[in-house]
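Notes follow the structure.
First listed ligand is number 1; within each ligand, the first listed atom is number 1. Values below: all heavy atoms of this structure, side chains included; hydrogens, waters and symmetry mates excluded.
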Amino acid sequence: MLPEYTLAGPAGATPILLIHGFPFDRTQWEPQIAALVTDHRVIALDLRGQGRTPAGDGGYLIEFLVDDVIELLDHLELERVCVCGLSMGGYVALRLVDRHPDRVHGLILCDTRAEADSNEGRVARAGAVRTIREHGMAKLAEGLLPKLFPAGELEADTPAVQRIRTLVERADPEGACHALVAMAARLDLSDRLASIDTPCLVVVGSEDTLTPPDDARAMQAQIPGAELVVIEGAGHVSNLSHPEPFNAALLPFLAAL
Ligand code: MLT
């Protein structure tokens, strides 16, 4: 399925593809699109079942989301791109580089991990599906936001918190359930990290409790030549809550590609 997308920046400039987390959409990347658009060809997509891309008939795996990315690259006639994915977007980015290394010429993994869900994680996914079906997205947001942001940020109800609350509450419940099942079924890619043969930047918020800095360090250590940037004070959605240090990490990495 061809996903909905935003395309901005000069034709012919270095292309960067931004893949959002769960259950957000491409608007998660507004601070990066604004910073990148002068010198880069920026593509931000809505994953299947999220944002404006329909869920189709459901029943999909991360593989389908990778196939959708390839369909988009073909549609845009882009042979190779730098791929930047946050959290669920990182799961897609990692599987993309694993299956199609020839289409990726730079990899930015933000607040994500290579391991599959643990047993407890799968049980929690099933619980989240039930919460959505029985009580809707607002109830999911209530439980999710404290995991995405440090307590102080949540209490202050910062613009980033408000933005993410809005994204979660307006997400399509069916699409969110399909995404949860796809994430629960994803492969463990940790033993493939050593074979990644493209420049890689790992970014993580120092306060990210969902995909913590220690996991990011372990991932960086396994990817040959990978760099790591820890965004001080940021939680799980580091690109949105701390756009300045986040962009300051991205720009030199992209410039060096
Ligand atoms: C995300 O932000 O995409 C999610 O936290 C990923 C997950 O639930 O594993």
Assess Arg48 against Tyr60: is NZ or CZ under 6.0 Å from the centre of the six-membered ring, and within 45 degrees of the ring's axis?
-> yes
Would you check if there is a donor-acceptor pair between the side chains of Gln28 and Asn239 at a distance under 3.5 Å?
-> yes
Check: Asp208/His236 side-chain N/O donor and acceptor closer than 3.5 Å | yes
Does the N or O separation between Leu210 and ligand 1 drop below 3.5 Å for any pair?
-> no
What is the nearest protein non-hydrogen atom to atom 9 (O) of ligand 1, stated with its residue, atom name and distance?
-> Tyr91 OH, 2.5 Å
Compare all side-chain heavy atoms of Phe246 with those of Ser241 and state whether any distance is below 4.5 angstrom.
-> no
Part of Leu148 with heavy atoms under 4.0 Å of ligand 1, whether side chain, backbone, both or neither | neither
What residue and atom, counting heavy atoms only, is the protein's closest point to atom 3 (O) of ligand 1, and at what distance?
-> Phe22 N, 2.6 Å
Which ligand 1 atoms are under 4.0 Å away from a heavy-atom of Gly21?
-> 3 (O)
Could you tell me if any non-hydrogen atom of His20 lies under 4.0 Å from any atom of ligand 1?
-> no
Donor-acceptor pair between Thr211 and Arg113 side chains, under 3.5 angstrom | no
Does Asp68 use its side chain to pair, donor to acceptor, with the backbone of Met1 at less than 3.5 Å?
-> yes
Using a heavy-atom cut-off of under 4.0 Å, does the side chain or the backbone of Arg125 touch ligand 1, or both, or neither?
-> side chain
Say whether, by atom type as modelled, one donor and one acceptor occur between the side chain of Ser87 and the main chain of Gly21 under 3.5 angstrom.
-> no
Would you check whether Ser87 has a nitrogen or oxygen atom less than 3.5 angstrom from a nitrogen or oxygen atom of ligand 1?
-> yes
Side chain, backbone, both or neither: the part of Lys147 lying under 4.0 Å from ligand 1 by heavy atom | neither
